[in-house]
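If you're wondering where the values come from, they're calculated on a predicted model, not measured in any experiment. Remember, it's 1-based here, ligands and their atoms both numbered in the order they're listed.
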Amino acid sequence: MKILAIESSCDETATAIIENGNKVLANIVATQIQKHRLFGGVVPEIASRMHAEKINFLIDKALEEAQMDLKSLDAIAVTYGPGLEGSLLIGVTAAKTLAKLLKKPLIPVNHLHGHIYASFLEERKPTFPFIALLISGGHTQLVLVKNHFEMEILGTTRDDAVGEAFDKVARFLDLGYPGGPVVESAATTGNEKAYHFPRALIKEKLDFSFSGLKTAVIQKILKEKKEHKQINTADVCASFQKCVIDILLTKSLRACETHQVHKLVLAGGVVANKAIRAAFTGMTEENNIELFIPEFKFCTDNAAMIGAAAFVHYQKFKFKKKNYMVKVNPNLSVLCN
Ligand code: KG4
Ligand code: ZN
């Protein structure tokens, strides 16, 4: 069962060919970061235009890498939400056209499920039920995954997502875009105890809040500037990152304990952060929790994870009656299949 998967929800155009849900025959990611960097963030209009320019070439490239032709594909999968509407439209239009032309099933995939299924690309796969911590540029959620088709949101952010907080802090420090990797890199030489930032909602159950943290970091920098003090960027980044890690660890452990589920899956772009990966490895070892982390290249947006999620849907729904009426949904929830 060979699925061609297409992902274009934000600023990466990606294609992949996945065999039987976990064998990656091809995985191509074309990032637009260089273009958006000039503007300090993703410009939706530029993103969709660049997806349109690249998509055909990237489909060809995936086929070439897998040494296959279009006719040997069994299905086409595509991210239909959440994400930027114009960006999603490019991927969905390409997928629809190909599926119709080839008379193959079209499998619409929820991008957030894709992130969770990135862990199913590993040899050691999660078993149900498990808790997923979904941390990306747009989402921060704790999800109880009961089986492939039943999920429950245990906690969510009341304001900013974690990735967004990284991006905004980096922007304020003039470190560039995207914020996660640059803050992580600056933090490696910093003192994480130099500043104490607030751990918002730490005592409250499983919801998150990151806008207060972002504001506290900005206020601190402004205050030091006003007092003509030298800002130590590395210390600010290390203290900010430590604060984020403390919050994520506390809430994830609480979710596992409250729901008596001792399996934790990390999902989303922020999981590419080495300090976060190391902190979770330590915490889960101490608390006897089985941890599942995707490979680095499958943490940030990619199409391999979309192919992995699509395989599960294909197995259940078979898509015998071919439906090419897929519509994009920029605000899709993790609870939607
Ligand atoms: O999952 P993703 O690629 O796209 C969304 O679905 O949002 O996540 C992108 C987010 C960005 O906010 C980016 O700053 C963050 O993931 N990110 C990181 C790291 N690499 C990417 N955050 C912290 N540390 C990193 N190394
Ligand atoms: Zn994503």
Side-chain angles (χ1 to χ4, degrees), residues 5-14 16 27 29-33 36-37 40-42 44 47 51 78-84 87-88 91 109-119 132-141 143 157 160-173 175-188 190 208 210-211 213-214 217 237-238 240-245 247-248 265-280 293-306 308-309 330-334:
I6 298 175
E7 154 65 41
S8 70
S9 64
C10 191
D11 58 348
E12 331 274 1
T13 325
N27 181 46
V29 182
T31 180
Q32 307 176 350
I33 283 172
H36 298 292
R37 192 169 273 154
V42 179
H51 287 308
V78 66
T79 303
Y80 76 106
L84 300 169
S87 292
L88 290 164
V109 176
N110 183 328
H111 180 79
L112 305 176
H113 292 179
H115 277 306
I116 293 172
Y117 277 86
S119 276
L133 173 69
L134 182 59
I135 41 178
S136 67
H139 289 80
T140 302
Q141 288 184 327
V143 183
T157 181
D160 292 352
V162 191
E164 200 178 345
F166 270 97
D167 294 337
K168 286 177 177 166
V169 165
R171 194 172 183 169
F172 203 78
L173 288 167
L175 294 177
Y177 175 85
V182 280
V183 169
E184 176 182 5
S185 148
T188 52
F208 302 89
F210 288 102
S211 84
L213 168 59
K214 169 202 68 190
V217 173
C237 290
F240 161 78
Q241 190 171 271
K242 175 74 171 76
C243 183
V244 167
I245 290 174
I247 296 167
L248 296 177
V265 170
L266 301 187
V270 180
V271 183
N273 185 297
K274 290 190 201 73
I276 292 179
R277 295 166 83 96
F280 270 91
I293 314 184
E295 224 183 291
F296 277 103
K297 64 177 181 223
F298 299 134
C299 289
T300 45
D301 289 349
N302 65 88
M305 65 183 196
I306 303 300
N331 302 312
L332 195 66
S333 150
V334 73

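At the top of the distance list for atom 26 (N) of ligand 1, counting protein heavy atoms only, stands Glu184 OE1, 2.7 Å. Regarding atom 11 (C) of ligand 1, its nearest protein heavy-atom neighbour is Asp167 OD2, 3.7 Å. At the top of the distance list for atom 25 (C) of ligand 1, counting protein heavy atoms only, stands Gly180 C, 3.5 Å. Here the heavy atom of the protein found nearest to atom 15 (C) of ligand 1 is Val270 CG2, 4.0 Å.
When all heavy atoms of His111 and Ile306 are compared, the closest pair comes out as CA-CD1, 4.3 Å. Nearest heavy atom pair, residue Ala5 against residue Ala303, reads CB-O, 3.3 Å.
Applying ring pair (Phe, Tyr, Trp, His ring centres under 6.0 Å) to Phe166 and the options Phe240, Phe210, Phe172 leaves one that passes, Phe240.
Atoms of ligand 1 found under 4.0 Å from any heavy atom of Pro181 (numbered from 1 in listed order, with element): 19 (C), 20 (N), 21 (C), 25 (C), 26 (N). Distances below 4.0 Å separate heavy atoms of His111 from the following atoms of ligand 1: 6 (O). If you number the atoms of ligand 1 from 1 as listed, the ones under 4.0 Å from a heavy atom of Gly163 come out as 12 (O). Interface atoms of ligand 1 facing Asp301, defined by a heavy-atom separation under 4.0 Å, are 1 (O), 2 (P), 3 (O), 4 (O), 5 (C), 6 (O). Shown in contact with Gly137 at under 4.0 Å from a heavy atom are these atoms of ligand 1, numbered in order with element: 5 (C), 7 (O), 8 (O), 9 (C), 10 (C), 12 (O). Interface atoms of ligand 1 facing Gly138, defined by a heavy-atom separation under 4.0 Å, are 7 (O). For ligand 1, the atoms closer than 4.0 angstrom to any heavy atom of His115 are 1 (O), 6 (O). Under a 4.0 Å criterion applied to the non-hydrogen atoms of Asn273, ligand 1 contributes the atoms 23 (C), 24 (N), 25 (C), 26 (N).
Under the side-chain contact (heavy atoms from CB on, under 4.5 Å) criterion, Leu88 pairs with Ser9, Thr79, Val328, not counting sequence neighbours.
In summary, an N, O or S atom of His111 is located under 2.8 Å from the Zn ion (ligand 2). Because the distance cut-off is set at 2.8 Å, His115 qualifies as a neighbour of the Zn ion (ligand 2) through one of its N, O or S atoms.
Below 3.5 Å of separation, one finds an N or O of Gly269 facing an N or O of ligand 1.
Per residue Asp301, closest N, O or S atom to the Zn ion (ligand 2): atom name OD1.
Two residues are said to be in side-chain contact when any heavy atoms from C-beta on lie closer than 4.5 Å; Leu213 and Val244 meet this criterion. Contact of the Cys299 side chain with the His115 side chain is not registered, since no non-hydrogen atoms from C-beta on lie closer than 4.5 Å. Within the 4.5 Å cutoff, the side chain of Pro294 has heavy atoms near those of the Ser119 side chain. By the 4.5 Å heavy-atom criterion applied to side chains, Asn302 and Lys297 are not counted as neighbours.
Using modelled atom types, no side-chain atom of Glu7 and backbone atom of Ala14 make a donor-acceptor pair closer than 3.5 Å.
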Test Gln141 against Thr157 for side-chain contact (heavy atoms from CB on, under 4.5 Å), laying out the working first.
-> CA-CA 7 Å; Gln141 288 184 327; Thr157 181; over 6 Å; no

